[in-house]
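Read through the structure below, which is laid out as structure tokens, and then see the notes.
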Amino acid sequence: MKTNPRRGQPAFTLIELMAVVTIIVILAGIVIGGMGFVTEKQAKEKVKIQIALISKALEEFKLDNGRYPETDDTDDNSELIFDALYYEGASDLKKEKKIYIGELDPQNNKQGWTSGVASKETKIVDPWGKNFRYRTAVNANDTQNISSQNPDFDLWSAGKDGKTNADPSHKDCRDDIRNF
């Protein structure tokens, strides 16, 4: 710090102020970049937990009903597992059907598990807002005879990019998170 010869009081030079501002900008960039990495890691861990909970609920559904929820020919059957694991139990006035995952309630959805309101069109979504993918053993891994660790059903998130393919080794599946 130099003193001003006119008044004799200490003052910062323009170079010193620019150095301080530059250091602050660099540190802010590092912090913001680190926050993006942490947020992405947190989303991946959340998907793994969701897949584990949904898989457990699907197993409970099979124990109660003797089968897994039905699927159609597409892999985007998120609304079908929502119906089976929550909607049918919540809309059953006789209470003969069970709610398998209470966190799927669209009215009290603090975790962001579902899209829309409680209806047959509601879907279970991952932290990136993409639908979970689901297929039963009839459709599971039959595209290229890929061996599955879970022969009963396949459940997965298409990841941050939202792209997926039936073949897990395809380039679109690099960020997929799967139960198989």
Side-chain angles (χ1 to χ4, degrees), residues 31-65 67-89 98-106 108-180:
V31 168
I32 289 172
M35 286 174 52
F37 173 76
V38 169
T39 303
E40 186 66 26
K41 184 173 170 93
Q42 182 182 23
K44 287 179 182 178
E45 292 302 316
K46 183 177 179 181
V47 167
K48 289 177 184 177
I49 292 169
Q50 285 178 318
I51 286 175
L53 290 172
I54 294 170
S55 295
K56 180 180 178 277
L58 288 169
E59 294 295 341
E60 288 179 30
F61 182 92
K62 182 182 180 191
L63 287 173
D64 292 343
N65 298 293
R67 62 172 177 77
Y68 290 105
E70 300 294 324
T71 60
D72 55 24
D73 292 338
T74 66
D75 291 335
D76 187 6
N77 290 300
S78 184
E79 73 279 351
L80 298 175
I81 55 175
F82 173 79
D83 290 347
L85 300 180
Y86 180 80
Y87 183 72
E88 291 175 0
K98 180 178 175 182
I99 294 176
Y100 293 92
I101 302 178
E103 288 82 7
L104 295 178
D105 181 2
N108 300 315
N109 190 4
K110 297 176 185 173
Q111 299 292 327
W113 278 56
T114 58
S115 66
V117 296
S119 70
K120 285 204 166 275
E121 287 78 36
T122 304
K123 297 183 177 197
I124 303 174
V125 295
D126 62 19
W128 300 283
K130 310 287 191 287
N131 300 335
F132 274 97
R133 308 300 178 129
Y134 167 74
R135 59 187 169 210
T136 56
V138 176
N139 300 321
N141 279 331
D142 62 358
T143 359
Q144 296 178 2
N145 294 325
I146 302 164
S147 63
S148 176
Q149 292 177 359
N150 190 352
D152 299 323
F153 65 89
D154 293 338
L155 178 68
W156 73 98
S157 164
K160 184 178 181 179
D161 66 0
K163 296 177 184 176
T164 190
N165 193 294
D167 177 10
S169 62
H170 191 273
K171 65 178 179 143
D172 287 343
C173 299
R174 289 184 186 143
D175 66 340
D176 288 6
I177 300 166
R178 302 173 173 260
N179 76 328
F180 59 97

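Position 1 is the first residue of the sequence; numbering continues from there.
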Task: Side chains of D126 and S157, donor plus acceptor under 3.5 Å - done: yes
Task: Sub-4.5 Å side-chain heavy-atom contact between Q50 and P127 - done: yes
Open item on the list: Rounded at 0.5 Å granularity, tell me how far CZ in F82 sits from OG1 in T114.
Closed with: 6.0 Å
TODO: Pick out which of W113, F153, Y100 makes a side-chain contact (heavy atoms from CB on, under 4.5 Å) with I54.
DONE: W113
Task: Donor-acceptor contact present, side-chain D154 to main-chain R135, <3.5 Å - done: no
Task: Rounded distance (nearest 0.5 Å) linking atom NZ of K123 with atom CG of L104 - done: 14.5 Å
Open item on the list: For a 4.5 angstrom cut-off between non-hydrogen side-chain atoms, does P69 reach L80?
Closed with: no
Task: Non-hydrogen atoms of E40 and W128 that approach each other most closely - done: OE2-CZ2, 3.4 Å
Open item on the list: With a 4.5 Å cut-off on side-chain heavy atoms, are T164 and R178 touching?
Closed with: yes
Task: Separation between CD of Q42 and CZ of F37, rounded to the nearest 0.5 Å - done: 12.0 Å
Task: Heavy-atom neighbours of K46 NZ exceed 12 at 6.0 Å - done: yes
TODO: Output yes when E59 and K56 qualify as a salt bridge under the 4.0 Å nitrogen-oxygen rule, no when they do not.
DONE: no
TODO: Please report the shortest heavy-atom distance between Y134 and Y68, naming the atom on each side.
DONE: OH-CB, 3.4 Å
Open item on the list: So which atom in G159 and which in D176 form the shortest heavy-atom distance, rounded to 0.1 Å?
Closed with: N-OD1, 4.2 Å
Open item on the list: I need the R133 CZ to L155 CG distance, nearest 0.5 Å.
Closed with: 11.5 Å
Open item on the list: Could you go through I101 and I124, starting from their C-alpha distance and side-chain angles, then the distance that decides it, and tell me whether this counts as side chain to side chain contact (heavy atoms under 4.5 Å, CB included)?
Closed with: CA-CA 11 Å; I101 302 178; I124 303 174; 6.0 Å; no
Task: Spacing of F132 atom CZ and N179 atom CG [to the nearest 0.5 Å] - done: 10.5 Å
Open item on the list: Before you tell me yes or no, could you show the steps for D105 and Y86 under side chain to side chain contact (heavy atoms under 4.5 Å, CB included), namely the whole-Å CA-CA distance, both residues' side-chain angles and the distance that decides it to 0.1 Å?
Closed with: CA-CA 7 Å; D105 181 2; Y86 180 80; 3.2 Å; yes
- [ ] Count the heavy atoms belonging to other residues, nucleotides or ligands that lie under 6.0 Å from NZ of K44, then report whether that count exceeds 12.
- [x] no
Open item on the list: To the closest 0.5 Å, what do you measure between CD1 (I177) and CD1 (I49)?
Closed with: 11.0 Å
Open item on the list: Check whether D175 reaches the backbone of D161 with its side chain - one donor and one acceptor, N or O, closer than 3.5 Å.
Closed with: yes
